[in-house]
Peer 1: 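I have a structure I would like to understand better, so I am pasting it below and will then ask my questions one at a time.
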Amino acid sequence: MSLARRLLLRASRSPWLAEQLRRRAFFRRAVRRFLPGEDLGAALDAAAEFARAGLGSVLTQLGEQVGNRAEAVAVRDHYLGVLAAVRQRKLPTQVSVKLTHLGLEVDRSACEQAVDALAARAEDSGSFLWIDMEESRYVDVTLEVFRAARGEHTNVGVCLQAYLRRTPDDLVGLLPLGPAIRLVKGAYNEPPSIAFPRKRDVDECYVMLADRLLQEAARGRARPVFGTHDLRLITGIRGRAERHKTPQQAYEIHMLYGIKAAAQRALRADGYAVRVLISYGTAWFAWYMRRLAERPANLWFVVKNLV
Ligand SMILES: Cc1cc2nc3c(=O)[nH]c(=O)nc-3n(C[C@H](O)[C@H](O)[C@H](O)COP(=O)(O)OP(=O)(O)OC[C@H]3O[C@@H](n4cnc5c(N)ncnc54)[C@H](O)[C@@H]3O)c2cc1C
C-alpha cells in the first residue's frame, strides 16, 4: 500500500482533521464531485436522472459508528423513508447500509431488527437492501447479520472485499445461501496479516472470486455484482462470463457517483445492467478521505478548488 494511501486512510479517522476541513469551502467544493448534494432530495433527483439514461442506482446515507440508540433509530427511520420515496417515485433504486450506522455497536439485536425491517420494506417497495462491508473487525458479525436476514428475505445482499485473505473462505461459506454478493477490492486500512498489501494480489484475488461467482451465477446459484471502476478487470469479467455462459443479465456492475461516468453509460449501451451508488448526507469526511486514498491524484481536485 502506498504511503499516500496509508496516510489518507489514517487521516480519515481523525476527528480533529474532520472538524478543520469540513468547514472549508474549497474542501466542500471538491467533495461535490462525488456527491450530488447533502440531502436525500438531491440523491433521489440524481437517481431519477440516471433512470432516464437507463441506469439503476443505489442510495446510501453517509455515516458510520453511531454512538447511541436514538441516532441508530433515526438512521433506520431515514432508510424506511427512502424506500417509501423510491416506491412512490417508481425509481429503479436500491439502498445500501452500514451496520455500524444502524447501531451495531450500540445494540446488536436492535440492529438486526432494523435490517429485518428494511429488508421487508425493500421487498414491499420492489427494491433491494445491500449491507456494506466495513473494517475487518466487523466481518464476522456482518456475515452473521446477513445470514439471519437472508433466512427471512430474498432481496438482501452483502459486500465482500477481495483484499481480505479470508474472503475466499467466506464466499464458499455463503454460497449455499444462493447469495447476492457485491464484490469490491476493499477501502480500509488493514494490516498485511489480514489484507493483501500489494494491489497485484488484491486484483488477482478479485479475479478468482469473480470467476467463482460467475460460475455459480451461470447455474442460477448466486447473484454477483461487481463493484469496481477497474475497466481492465471488467473486460476480463465479461470474457469469463462468456466462457462460463453466464447470461449478461445474471450479473451487474456498480460504480460510484462521479467516477468513470462515461464508462457507466458505455457499459449500459453494451447491454450490461449498471447501477450508480449515490452517497449523500453531511457525514462525508471519512468517506471522502477513502475516495482520495483510492486515487491520491484526486488531491488535485482539492487543490484546484483552493484557487
Ligand atoms: C458500488 C461500490 C460499493 C462499494 N462498497 C464498498 C464496501 O461496502 N466496503 C468497502 O470496503 N469498499 C467498498 N467500495 C470501495 C472499493 O472497495 C474500492 O475502494 C473502490 O471501488 C476502488 O477500487 P476499484 O475497484 O475501483 O479499483 P482501483 O484499482 O482502485 O481503481 C481502478 C481505476 O478506477 C479509477 N478510480 C478508482 N477509485 C477512484 C476514485 N476514488 N476517484 C477517481 N477514480 C477512481 C481510477 O482510474 C483507477 O485507476 C465500493 C465500491 C463500489 C464501486
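Note: hydrogens, waters and symmetry copies are ignored here, and every other heavy atom, side chains too, is used. All ligand and atom numbering here is 1-based and tracks the order in the structure. Everything numeric here is computed off the predicted structure, so don't read it as measured data.
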Peer 1: Give yes if a backbone or side-chain nitrogen or oxygen of M133 is under 3.5 Å from a nitrogen or oxygen of ligand 1, and no if not.
Peer 2: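 For ligand 1, there is an N or O atom that lies under 3.5 Å from one belonging to M133.
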
Peer 1: Which residue and atom name correspond to the protein heavy atom nearest atom 13 (C) of ligand 1, and how close is it?
Peer 2: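 Minimum-distance protein heavy atom for atom 13 (C) of ligand 1 reads V184 CG2, 3.7 Å.
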
Peer 1: By the salt bridge (Lys or Arg N to Asp or Glu O under 4.0 Å) test, which pairs, at least two apart or in different chains, include something from residues 208-220?
Peer 2: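 Sorted result for residues 208-220: D211-R240, R212-E216, E216-R221.
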
Peer 1: To check you understand the geometry: which heavy-atom pair defines the closest contact between P168 and M208, and what is its length?
Peer 2: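 Reported closest heavy-atom pair: CG-CE, 3.9 Å.
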
Peer 1: Are W287 and F285 near enough that their ring centres are under 6.0 Å apart?
Peer 2: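 W287 vs F285: aromatic centres not under 6.0 Å.
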
Peer 1: Looking only at protein heavy atoms, which one is nearest to atom 39 (C) of ligand 1, and how far off is it?
Peer 2: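 Answer, as residue, atom name and distance: I259 CD1, 3.7 Å.
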
Peer 1: Would you say atom 47 (O) of ligand 1 makes contact with the protein, given that contact here means a non-hydrogen protein atom less than 4.0 Å away?
Peer 2: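 Looking at atom 47 (O) of ligand 1, one finds that a protein heavy atom does lie closer than 4.0 Å.
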
Peer 1: Would one find an N or O of K260, backbone or side chain, under 3.5 Å from an N or O of ligand 1?
Peer 2: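 Yes, since at least one N or O of K260 sits under 3.5 Å from an N or O of ligand 1.
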
Peer 1: So for ligand 1, is A187 a polar contact partner (N or O within less than 3.5 Å, distance only)?
Peer 2: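 There is such a contact, yes.
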
Peer 1: What about Y138 and H101, are their ring centers closer than 6.0 Å?
Peer 2: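 Distance test on ring centres: not under 6.0 Å, no.
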
Peer 1: Under 3.5 Å, is there a donor-acceptor pair linking the side chains of S96 and R182?
Peer 2: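 Yes - a donor-acceptor pair under 3.5 Å links their side chains.
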
Peer 1: Sorted by first residue and then second, give each salt bridge (Lys or Arg N to Asp or Glu O under 4.0 Å) pair with at least one member in residues 90-100; sequence neighbours left out.
Peer 2: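 Found K98-D132.
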
Peer 1: Quick check: does Y163 get an N/O under 3.5 Å from an N/O on ligand 1?
Peer 2: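 Among all N and O atoms of Y163, none is under 3.5 Å from an N or O of ligand 1.
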
Peer 1: In terms of relative ring orientation, are H254 and W130 parallel, tilted or perpendicular, with 30° and 60° separating the classes?
Peer 2: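 Judged by the thresholds at 30° and 60°, the geometry between H254 and W130 is perpendicular.
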
Peer 1: Is the closest basic N to carboxylate O distance between R76 and E71 below 4.0 Å?
Peer 2: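 Between E71 and R76 there is no salt bridge, as every charged N stays at least 4.0 Å from the carboxylate O atoms.
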
Peer 1: Return the option from M255, K185, H229, R295 holding the heavy atom at the smallest distance from atom 21 (O) of ligand 1.
Peer 2: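 When every heavy atom of M255, K185, H229, R295 is considered, H229 comes closest to atom 21 (O) of ligand 1.
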
Peer 1: For ligand 1, find out whether one of its N or O atoms is nearer than 3.5 Å to an N or O atom of K199.
Peer 2: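 For ligand 1, there is an N or O atom that lies under 3.5 Å from one belonging to K199.
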
Peer 1: Can you check whether G186 has an N/O within less than 3.5 Å of an N/O in ligand 1?
Peer 2: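 Yes, since at least one N or O of G186 sits under 3.5 Å from an N or O of ligand 1.
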
Peer 1: Please check whether H254 reaches ligand 1 - meaning an N/O of the residue sits under 3.5 Å from an N/O of the ligand, judged on distance alone.
Peer 2: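 No, H254 has no N/O under 3.5 Å of an N/O on ligand 1.
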
Peer 1: Got an N/O contact under 3.5 Å between E294 and ligand 1?
Peer 2: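 Yes - when backbone and side-chain N and O of E294 are compared with those of ligand 1, one distance drops under 3.5 Å.
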
Peer 1: In sequence, state the C-alpha distance, the side-chain angles, and the governing distance for E134 and T100, and then conclude on side chain to side chain donor-acceptor pair (under 3.5 Å).
Peer 2: CA-CA 8 Å; E134 302 177 62; T100 66; 2.6 Å; yes

Peer 1: Under the 4.0 Å line, does any protein heavy atom show up next to atom 11 (O) of ligand 1?
Peer 2: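 Flag for atom 11 (O) of ligand 1 set to true, protein heavy atom closer than 4.0 Å.
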
